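Here is the structure we will look at, set down as structure tokens.
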Amino acid sequence: MKTMKKLFSMAALALVGATFTGCSSSDDNIIDQPQQPETKNNVVTLTTTVGFDETAGTTRALSSTGVKTFAAGETMALVYKNTSGSTVKVVSTALTDPDITSGGKSATFTFELTDPDKTKDVTYIYPAAMAYADGTVSYWGLYNQDGTLASLAANLDCCTKSGAWDGDNLPTLTLENQLAILAITLKDNAPTPNDLTSSTTALTVRTGSITYTVNRSAAAGPIYVAIRPTSDATITVTATSGTKNYTKTLTGKTYEAGNGYPVSWRMAVAELNITSPAVGQVIGSDGKNYDYASLPTGVTAVAKICYVSGSDYFLALALTDEGQMNWYTAQTTCAGHTPAFTGGTWKLASKDEWKNMISAAGSYDALRDGFSSVGGTNLQDKHYWSSTENYSYDAWNINFYNGIGYHGDKVIDNYVRARLAFTTPADAEASTPAISVTSPSVGQVIGSDGKNYDYASLPTDVTAVAKICYVTGSGGLALALTDEGYMDWSTAKSTCAVHMPAFIGGTWKLASKDEWKNMISAAGSSDALRNGFKSVGGTNLQNDIYWSSTESDSNRAYYYLFPVSDWSVGPQSEGRIVRACLAF
């Protein structure tokens, strides 16, 4: 078993190993004389005891405790020539506890060689699993790693050395490490950086044509990656952390064999970088567009471009469905699709966006069946939700059995696939206005441009989306002009969170108990609040029961009973009426 210190420099091994500790000339590290060979039918059994090099000035090996030790079960490969001129690879017998001495710093390996040519050099490769039959190192194990030190140390801490026979005895050599080890921690590029390491589940390190891929469960770092040595290299790093993809490009990087490098990289969210988009291309995990056949190694396809308008607007669909779900859950699920990109928006496609994508494909079935060819799964001949509402209680969907649009109750489960759009001014749905409220007062409305108006003074090109119901300083609370519908408490919270239109600087949410109280107080009475929306183009609150976001306990939450102007508590699983609140 081999472990690693946080600050380390990898190493030369004495035959099969080395340490990180200070240099010494301890008697524990003297190499024993090999036993005399035993010969039977041209099969030679040879044993050699090897130790670690602690000579001053040498490099150090992979270690966390300062001492690199052998472990029972480990093996080493030996590649030699036989007298017929053939190259032969043999693997030692697995180490047992009695083979290991000096506190794990030396061990006796045993090989069986058949008719060896002792005039030809032999090559040691450790661990044996990384040895090809011709005496070269197999690096395939590097391309899919799990990021843990234990796995890397046990399976990928590769050392090798060639040398001449010592008469009838195998040579005693100091093995040389073949890899550089990166101990990686990641942060985002916020002014006060946030940790990404603990939530990173996938990481790629690409140097030239070689890509090292790490798949792991979210855990504390560092993330350990073994790589082949580099010199003045350009290295591209991508990481999936939480719901986002992050990228980093490093230039002029040299990572030498036999050394370890603790590195901390600040990562930027992957940015969409689309050039001359075309229907049928794919969006890669790096945010660029490609013909599927030209997708670079280490970049995965995440969406297919299905509609293009000019050079600055496109629509792409994810390569797989999100599943079957109601309309409310569909919106939140699509908004959280990964990987996220700066400059792009994942959401549920609108009715018109579905129409545009079907038109660009040539037919509904051409769109439906066009994903398996780019590594995805085709749409099913079923109903797929759109984000477009018909009334407050139902929304439009597209049936891919016949390509016809229907509308149905929002609580029905339909199929869902997320769409990705380039966020530019040309994309009206994806453009997000900022809240820009000046001297707000109760009774005014928030317009679709994010500004506040007396309803009678609303510009002709602006629609009212919420009524201001409470003001504190330059901020306050506004209620949407229509209800979201009748739903359980959890669905109510997620539904309010995605109420449209979105605003930069504003938050849609389910109002808390105290926020409801403040709005009722500002209106003068519960009846005045309830009946105050029709006059500004909305629908009044119903003389019914409305959820708040405030929990009573883990299973119950508060709701307001407008019929009696009082509060009560009920199970979160019960259905109540919901209206979204905009906090600004």
Side-chain angles (χ1 to χ4, degrees), residues 143-144 202-213 215 233-240 244-249 251 268-322 334 337-347 349 353-380 384 400 403 417-424 426-427 430:
Y143 306 142
N144 288 284
L203 176 75
T204 63
V205 179
R206 188 166 76 246
T207 64
S209 62
I210 302 174
T211 299
Y212 307 92
T213 301
N215 289 296
T234 297
I235 296 177
T236 302
V237 185
T238 64
T240 299
K244 297 181 180 179
N245 256 25
Y246 294 82
T247 62
K248 179 79 173 182
T249 299
T251 58
V269 176
E271 182 175 2
L272 279 180
N273 184 12
I274 306 301
T275 304
S276 302
V279 171
Q281 289 184 324
V282 294
I283 307 297
S285 53
D286 58 356
K288 298 179 181 179
N289 57 311
Y290 300 95
D291 294 328
Y292 181 66
S294 303
L295 202 64
T297 302
V299 177
T300 57
V302 300
K304 178 185 176 182
I305 297 177
C306 298
Y307 175 75
V308 174
S309 176
S311 60
D312 58 358
Y313 177 56
F314 71 87
L315 298 171
L317 284 174
L319 297 187
T320 57
D321 290 340
E322 304 298 312
C334 289
H337 189 84
T338 59
F341 296 105
T342 298
T345 303
W346 286 106
K347 67 183 290 284
E353 288 174 334
W354 276 117
K355 287 182 177 179
N356 286 336
M357 291 186 285
I358 290 171
S359 177
S363 65
Y364 75 89
D365 48 350
L367 178 65
R368 181 192 66 196
D369 299 333
F371 292 87
S372 59
S373 60
V374 292
T377 56
N378 292 334
L379 294 163
Q380 303 186 54
Y384 280 75
F400 276 93
R417 187 165 294 205
R419 80 93 167 108
L420 175 67
F422 212 177
T423 305
T424 70
D427 181 6

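Note that the structure is a prediction, hence the values are computed from the model and not measured.
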>> For Cys334 versus Lys347, what's the shortest heavy-atom pair and its separation?
In response: CB-C, 3.4 Å
>> For Thr345, is there any backbone N or O sitting under 3.5 Å from a side-chain donor or acceptor partner on Arg419?
In response: yes
>> I need the minimum non-hydrogen distance between Gly284 and Val299, along with the two atoms involved.
In response: CA-CG1, 3.7 Å
>> Can you give me the closest heavy-atom contact between Ala418 and Trp346, atom names plus distance?
In response: CB-CE3, 3.7 Å
>> Among residues at least two apart in sequence or on other chains, which ones pass side chain to side chain contact (heavy atoms under 4.5 Å, CB included) with Asn289?
In response: Ile274, Thr275, Pro277, Gln281, Ile283, Ile305
>> For a quick test of reading the model, state the closest non-hydrogen atom pair linking Phe400 to Tyr364 and the distance between them.
In response: O-CE1, 3.3 Å
>> Please report the interatomic distance CG(Leu315) to CH2(Trp354), rounded to the nearest 0.5 Å.
In response: 10.5 Å
>> Test of understanding: with side chain to side chain contact (heavy atoms under 4.5 Å, CB included), list the residues that count as partners of Thr234, not counting sequence neighbours.
In response: Thr249, Thr251
> With Tyr384, which residues qualify under side chain to side chain donor-acceptor pair (under 3.5 Å), at least two apart?
Replying inline: Asp321
>> What I want to check is whether the side chains of Thr238 and Thr204 have a donor and an acceptor closer together than 3.5 Å.
In response: yes
> Taking atom CD1 of Ile358 and atom CZ of Arg368, what is their separation to the nearest 0.5 Å?
Replying inline: 10.5 Å
> Can you name the nearest heavy-atom pair linking Phe371 to Ala318, along with the distance?
Replying inline: CE2-O, 3.9 Å
> Of all residues at least two apart in sequence or in a different chain, which pass the side chain to side chain contact (heavy atoms under 4.5 Å, CB included) check with Ser373?
Replying inline: none
> Roughly how far apart are Tyr307 OH and Phe314 CZ, rounded to 0.5 Å?
Replying inline: 13.0 Å
> Distance-only, no hydrogens or angles: does the Lys304 side chain make a donor-acceptor pair with backbone N or O of Gly370 under 3.5 Å?
Replying inline: yes
> Is there side-chain contact between Ile210 and Tyr143, with heavy atoms separated by less than 4.5 Å?
Replying inline: yes
> Would you find a donor on one side and an acceptor on the other, under 3.5 Å apart, between the side chain of Ser285 and the backbone of Thr300?
Replying inline: yes
> Listed by chain and number, what are the side chain to side chain donor-acceptor pair (under 3.5 Å) partners of Thr207, not counting sequence neighbours?
Replying inline: none
> Taking atom NZ of Lys288 as the centre, does the number of heavy atoms from other residues, nucleotides or ligands within less than 6.0 Å exceed 12?
Replying inline: no
> CG of Asp286 to OG1 of Thr236: how many Å apart, nearest 0.5 Å?
Replying inline: 9.0 Å
> Ala268: what forms a side chain to side chain contact (heavy atoms under 4.5 Å, CB included) with it, not counting sequence neighbours?
Replying inline: Asn189
> How would you list, by chain and number, every residue that makes a salt bridge (Lys or Arg N to Asp or Glu O under 4.0 Å) with Asp365, sequence neighbours excluded?
Replying inline: none
>> Would you compute the distance between atom OG1 of Thr377 and atom CZ of Arg417 and round it to the nearest 0.5 angstrom?
In response: 4.5 Å
>> Once side chain to side chain donor-acceptor pair (under 3.5 Å) is applied, do any residues pair with Tyr292, and if so which ones, sequence neighbours excluded?
In response: none
>> Quick check: closest heavy atoms across Ala239 and Leu203, and the distance to 0.1 Å?
In response: CB-CD1, 3.9 Å
> Between atom SG of Cys306 and atom CG of Leu420, what is the distance when rounded to the nearest 0.5 Å?
Replying inline: 10.5 Å
